[in-house]
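I have placed the structure first, in the form of structure tokens, so that the comments after it can refer back to it.
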Amino acid sequence: MEQPAVIVAFYVLAGLTLLSALMVAMVRDLIHAVLFLILSFIGVAGLYVTLSADFVAVVQVLIYAGAISVLMLFAILLTPRSSRDNSSVSYSAPISVVAGLIGATIVYVALNTEWAKTADSSDSPFENTAAEIGKALLDPYVLPFEVASVLLVIAMIGAIILVRPGNEEDAS
Amino acid sequence: MISLEHVLVVGALLFSIGLFIALSRRNAVGVLMGIELMLNSVNLNLIGFARFVEAPRPIDGQVFAVFVITVAAAEAAVALALAVAVYRLRQTIDVDRLNLLKW
Amino acid sequence: MLDTIPENAVWAIFFLPLASLLVILFLPRSQATAAGVVAALCIGAAFVLSLWALDSSLQADGHPLSFSSHEWLNVGDVLEVNVALNVDGLTAVMLVVVTSVSFLVQIYSMGYMKGDGGYWRYFAYMSLFTASMLGLILFNSILMVYVFWEMVGLSSYLLIGFWFHRPAAAAAAKKAFLVTRFGDLGFLMAILLIYVHAGTFDIAAIQDLAIAGAIGQTVLTWFALGVFAGAAGKSAQVPLHVWLPDAMEGPTPVSALIHAATMVAAGVYLVARMFPVFQVSPDAMSFAGAIGGLTALSAAMIGVVMVDIKRVLAYSTISQLGYMMLALGIGAYVAAIFHLFTHAFFKALLFLGSGSINHATNTFDMRLMGGLRKTMPITFITFVIGSLSLAGFFPLAGFWSKDEILSDAWAHERYLFYIALITAGLTAFYMFRAIFLTFFGEYRGGAEPETGAVVATLSNQAPVSTEPGGFEPDPVQAHAAAGAPHTAPEAHHGPHESPWLMVLPLILLSFPAILAGFANYNHDIEHLLVGALPEGAEVAEPTFRMGVAIAATIVPAVGVILAWAIYHAKVISAESLARLFRPVHSLLENKYYLDVLYERVVAGFLFHKALGGALATFERYIVDGAVNGAATSVRQTASVLRYLQSGQFQTYGALAFSSLVFTTVLVLVLSPL
């Protein structure tokens with residue numbers, strides 16, 4: 001499946017993702033930032049497809065580009081008097097240095113490590129990822145799977161309790 | 001052709017952009033966006049490793065990514081709820097004004 | 001003939017009193033009166049098993065029975081301690097002494113302590129003591145001996161201070177604990193020393209190494225002296241004897257069991273157990289003998305002037321323990337343990353008798369007693385039996401053991417023989433002085449029971465200074481004050497015989513006090529004890545010497561006659577004698593001023609002023625200086641560094657990631673990919 005189209009797609013999608021991510025940092029409006037974030041998420045989902053992880057790509061679109069982004073929009077809309085200008089803190093220059101150094105370090109390590117790669121990287125090792133992930137979740141990873149479900153329930157209850165009206169009265 | 005290093009470099013760049021956003025945004029939702037980008041770059045790495053690295057069960061990397069997405073969803077829900085709760089108290093979610101816990 | 005005792009049965013001897021302790025601890029408080037029965041039953045069972053152990057030991061000729069070894073402590077290659085039970089002749093004799101006396105004292109206590117607020121606590125402590133004492137005897141490792149040695153000290157502390165609301169008792173408990181600690185320090189150092197040089201805690205192995213000459217002479221001497229220091233503390237040898245008379249503040253049955261019959265004999269037992277090691281070192285032997293002789297004589301002299309009957313008995317105990325040490329010092333190992341064996345019975349008898357007297361008169365002051373012969377016939381007869389035995393009159397138990405010591409002393413150390421002989425005379429004198437003062441003449445009133453006691457204590461030891469004739473005439477009030485449900489009201493019109501629970505042990509104990517001497521008639525005990533020694537140890541052969549025996553009978557007889565002449569017939573006035581020997585008399589009455597020396601000079605000046613002052617200075621300027629300096633430097637550093645805590649999590653994140661970069665780069669530089 002290593003066709004030139006895939007390679008082109010990879011580079012285009014990588015560029016799209018990184019550019020949108022940069023735009024998240026650049027744009028002046030927080031709502032716009034969320035929109036660019038969604039674009040970046042979709043780019044990542046596309047990258048997953050080129051890496052033959054179709055199931056994860058779908059999940060990525062559903063959860064990140066769908067649910068989480070909507071949550072963020074809600075959070076922004078529910079905090080109307082807060083700043084909407086996507087401004088930076090006063091010391092963003094040293095932080096950009098730190099971030100750059102981190103990126104450089106990771107790139108250096110990534111390029112200089114002897115990865116135990118598969119012999120023939122031209123072909124994907126997966127036939128049908130959804131079925132394989134399903135089997136993996138229910139056989140070797142059944143315990144983490146159950147724990148994850150408990151975590152989700154707890155997070156849901158926690159979020160409800162946190163934003164429930166009535167906390168207001170307690171606070172005031 | 002695509003190789004592991006390509007994926008890793010994209011991941012590294014995405015991570016550092018996310019880190020910059022997470023550390024520099026004034027708005028708490030902005031911080032959260034940065035964190036989500038960082039998580040995405042981690043997932044990208046995991047998928048890349050699953051695709052290119054020799055392993056007894058290659059699908060493990062993708063399963064791991066699914067778990068990360070699950071936890072990220074939970075984290076985002078709680079974090080945004082926190083932001084809303086904080087806003088009710090202080091009428092702001094600017095993190096540089098939420099500095100009660102200092103010397 | 002019984003089979004050889006199995007290991008589990010020996011374990012049971014040790015665990016039965018512990019089980020009793022646990023049961024008593026978990027008894028519902030409403031059933032607290034069952035504590036005495038529980039303790040007596042458990043220790044009675046241990047006694048029966050001990051007899052079995054003795055029988056097995058007799059069949060084995062006193063040689064150690066073989067039991068499996070258990071790993072107790074294992075610290076890598078550094079330290080490995082195995083423990084095993086050790087039952088040989090010496091152990092068997094001690095087992096029987098401890099469990100039998102303990103059993104009878106428990107029965108006696110059920111009467112004596114009846115109605116006391118701490119009834120169950122008393123029996124819990126007693127069980128703990130018995131278990132510790134049995135542990136001390138039963139184990140083969142010197143480390144285990146030390147553990148139980150300290151536990152015995154602990155239970156002794158608890159029991160001396162049993163009536164802790166009484167300041168004298170609390171102080172006596174503390175004194176006993178602290179004074180014996182000095183000796184224990186020596187014992188501990190001896191254990192460490194021998195471990196360094198012998199590499200084992202196993203007693204038999206140490207003995208074998210010592211006999212084989214594998215350990216240096218100097219080391220052995222120091223080891224023996226350290227062990228002797230521990231023994232001197234526990235067995236109240238000069239100069240560490242001062243705690244024992246004060247320990248009489250505890251309940252009288254405690255004095256009988258712990259401070260007369262068993263625990264104080266632990267020191268003698270320890271020296272006897274280490275006897276082969278002592279033998280290798282003649283210096284340690286003669287030192288032990290000299291200290292023993294000194295203790296025997298000086299304590300007996302104090303016993304002559306004491307007016308508190310329990311203190312007379314206490315000094316008598318010290319004196320007799322000195323006798324045993326003296327015997328060990330001249331190599332008369334068999335005679336020493338034989339004397340320990342007989343002494344346990346008649347001294348327990350005497351103490352229980354004094355408790356019975358106290359029960360009747362509410363005092364221990366002999367000046368307030370008198371004439372009790374008629375009202376307390378059984379106590380009188382048993383007390384006289386005990387005294388005769390202690391004084392060493394033929395054919396009572398004390399005669400045989402004392403005679404063996406004297407005979408060996410004659411053969412080995414002439415000067416110790418004379419000391420022992422004089423002590424024997426003094427012993428007879430003070431015991432019969434006590435008898436004449438207590439049981440003959442007119443009743444001098446006793447003392448009134450302590451009133452308003454917080455805890456209703458039955459054996460109210462009234463202060464010695466109580467005026468004669470102050471006996472409480474109103475029976476109802478006295479009855480209420482003493483909280484004594486068992487005494488009939490009319491009993492308080494005068495002294496009375498004690499309840500059967502107290503009299504029965506007296507009668508039972510007088511049999512061994514009379515007959516225990518015949519235990520060695522066929523050299524049975526000798527075989528047992530010699531069998532316990534390893535190959536190559538030499539023992540002074542006990543031989544009967546008619547001349548010594550006659551001297552040992554005449555000298556105490558003279559003592560008795562003198563006591564009769566002074567205190568009963570009043571041919572010689574005790575007061576004029578005291579005036580005549582005023583300096584000596586006051587020296588003795590003040591116990592050679594040793595207590596004053598210890599309290600004022602050692603504790604007051606040496607420890608408090610000098611050592612304490614130096615330590616306080618060190619504490620104030622060096623320890624406090626270091627602590628305060630550390631605090632100041634931390635505070636000043638923090639006053640700068642705290643600005644890092646900005647409350648902005650993003651700065652924390654930036655710092656964390658910067659340090660991540662720093663460390664990663666550092667790692668990459670140090671070990672490139």
Side-chain angles (χ1 to χ4, degrees), chain A residues 2 7 10 14 18 21-22 24-25 30 37 44 47-48 51-53 56 59 63 67-68 71-72 75-76 78-79 81-83 86-89 92 95-96 99-100 102-103 106-107 110-111 115-118 121 125 129 132-133 136-137 141 144 148 151-152 155 158-159 162-163 167-168 171, chain B residues 1-10 12-21 23-27 29-30 32-33 36-37 40 44 47-48 50-54 58-60 62-63 65-67 69-71 73-74 76-78 80-85 87-89 91-94 96:
Chain A
E2 192 67 16
I7 301 171
F10 178 85
L18 292 177
L22 270 180
V24 173
L30 208 52
L37 188 68
V44 172
L47 285 177
Y48 290 168
L51 294 170
S52 52
V56 185
V59 171
I63 307 250
I68 292 180
L71 261 179
M72 284 179 177
I76 292 166
L78 283 170
T79 57
R81 273 180 286 170
S82 188
S83 59
N86 197 22
S87 56
S88 310
V89 289
S92 59
I95 285 173
S96 64
I102 285 277
I106 299 175
V107 168
L111 294 182
W115 303 106
K117 289 183 205 168
T118 45
S121 67
T129 59
E132 279 197 58
I133 290 174
L137 280 180
Y141 294 106
L151 175 79
L152 284 173
L162 278 172
V163 297
N167 281 4
E168 240 169 332
Chain B
M1 77 177 254
I2 317 164
S3 73
L4 179 61
E5 280 81 3
H6 294 87
V7 182
L8 294 183
V9 168
V10 173
L13 294 177
L14 194 60
F15 185 85
S16 51
I17 295 170
L19 180 65
F20 172 73
I21 294 173
L23 292 184
S24 69
R25 284 316 88 172
R26 187 170 274 163
N27 192 300
V29 179
L32 201 63
M33 293 185 208
E36 298 301 343
L37 281 178
N40 260 290
L44 190 57
I47 301 288
R51 167 75 174 78
F52 291 110
V53 171
E54 184 73 57
I59 201 71
D60 281 2
Q62 297 198 9
V63 175
V66 170
F67 279 118
I69 292 172
T70 315
V71 176
V78 174
L80 293 169
L82 272 173
V84 172
Y87 176 78
R88 288 213 184 122
L89 270 178
Q91 265 69 49
T92 180
I93 49 170
D94 286 2
D96 56 351

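As the structure is a computational prediction, the values presented were derived from the model and not from experiment. First the proteins, then the strands, lettered A, B, ... as listed; each starts at 1.
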Are B:Ile47 and A:Leu47 packed together at the side-chain level, in the sense that at least one heavy-atom pair is separated by less than 4.5 angstrom? no

Assess the residue pair A:Leu151 and B:Thr70 against the criterion (side-chain contact (heavy atoms from CB on, under 4.5 Å)); give the C-alpha distance rounded to whole Å, side-chain angles, the decisive distance to 0.1 Å, and a yes or no. CA-CA 9 Å; A:Leu151 175 79; B:Thr70 315; 5.6 Å; no

Residue, of B:Leu13, B:Val71, B:Val53, B:Leu32, that accumulates the most heavy atom pairs under 4.5 Å with chain A: B:Val53

What pair of heavy atoms forms the shortest contact from B:Leu80 to A:Ala75, and how long is it? CD2-CB, 3.5 Å

Minimal heavy-atom distance between A:Ala136 and B:Val63, with the atoms involved, is CB-CG2, 3.6 Å

CD1/A:Ile68 to CD/B:Glu36 distance, rounded to the nearest 0.5 angstrom? 4.5 Å

What's the spacing between B:Leu23 CG and A:Ser96 OG if we round to 0.5 Å? 10.5 Å

Determine whether a donor-acceptor pair (N or O, by modelled atom type, separation under 3.5 Å) exists between the side chain of B:Arg88 and the backbone of A:Val163. yes

Would you tell me whether B:Arg25 and A:Ser88 have side-chain atoms, one donor and one acceptor, within less than 3.5 Å of each other? yes

Does A:Val24 reach the side chain of B:Phe20, with side-chain heavy atoms less than 4.5 Å apart? no

Interface residue of largest heavy-atom contact number with chain B, from A:Ile95, A:Val107, A:Leu152, under 4.5 Å: A:Ile95

Do B:Thr92 and A:Arg81 have side chains that get closer than 4.5 Å, going by heavy atoms? no

Heavy-atom side-chain proximity of B:Gln62 to A:Glu132 below 4.5 angstrom: no

Under 4.5 Å to a heavy atom of chain B? For A:Leu37 that would be side chain

Non-hydrogen atoms of chain A under 4.5 Å away: do they reach the side chain of B:Ile17, the backbone, both or neither? side chain

Closest heavy-atom pair and its distance - A:Leu71, B:Ala76: CD1-C, 4.4 Å

Heavy-atom pair with the smallest gap, counting every atom of A:Leu51 and B:Arg51: O-CD, 3.5 Å

With chain B as the partner, which of A:Ile106, A:Leu22, A:Ile76, A:Val56 has the greatest number of non-hydrogen pairs under 4.5 Å? A:Val56

Non-hydrogen atoms of A:Tyr48 and B:Asn40 that approach each other most closely: OH-O, 3.8 Å

Can you tell which part of B:Ile21 gets under 4.5 Å to a heavy atom of chain A, answering side chain, backbone, both or neither? side chain

For chain A, find which of B:Pro58, B:Gly30, B:Ala83 contributes the most heavy-atom pairs closer than 4.5 angstrom. B:Pro58

With side-chain contact (heavy atoms from CB on, under 4.5 Å) as the criterion, how do A:Leu162 and B:Leu82 come out once you've worked through the C-alpha distance, each side chain's angles and the decisive distance to 0.1 Å? CA-CA 6 Å; A:Leu162 278 172; B:Leu82 272 173; 3.8 Å; yes

At a 4.5 Å cut-off on heavy atoms, which part of A:Ile63 comes close to chain B: side chain, backbone, both, or neither? side chain

Name the option with the most non-hydrogen atom pairs under 4.5 Å to chain A; the candidates are B:Ala50, B:Gly18, B:Ser24. B:Ser24

B:Ala74 versus A:Ala155, closest heavy-atom pair with distance: CB-CB, 3.6 Å

Can you say whether B:Val66 sits under 4.5 Å from chain A via the side chain, the backbone, both, or neither, judging by heavy atoms? side chain

Check the pair B:Phe15, A:Ile102 against side-chain contact (heavy atoms from CB on, under 4.5 Å), reporting the backbone distance first and the verdict last. CA-CA 9 Å; B:Phe15 185 85; A:Ile102 285 277; 3.8 Å; yes

Name the option with the most non-hydrogen atom pairs under 4.5 Å to chain B; the candidates are A:Ala14, A:Ala67, A:Gly103, A:Ala116. A:Ala116

If you define the side chain from C-beta out and look only at heavy atoms, does anything of A:Val44 sit under 4.5 Å from B:Leu14? yes

Do A:Ile133 and B:Ile59 have side chains that approach each other closer than 4.5 Å (heavy atoms only, starting at C-beta)? yes

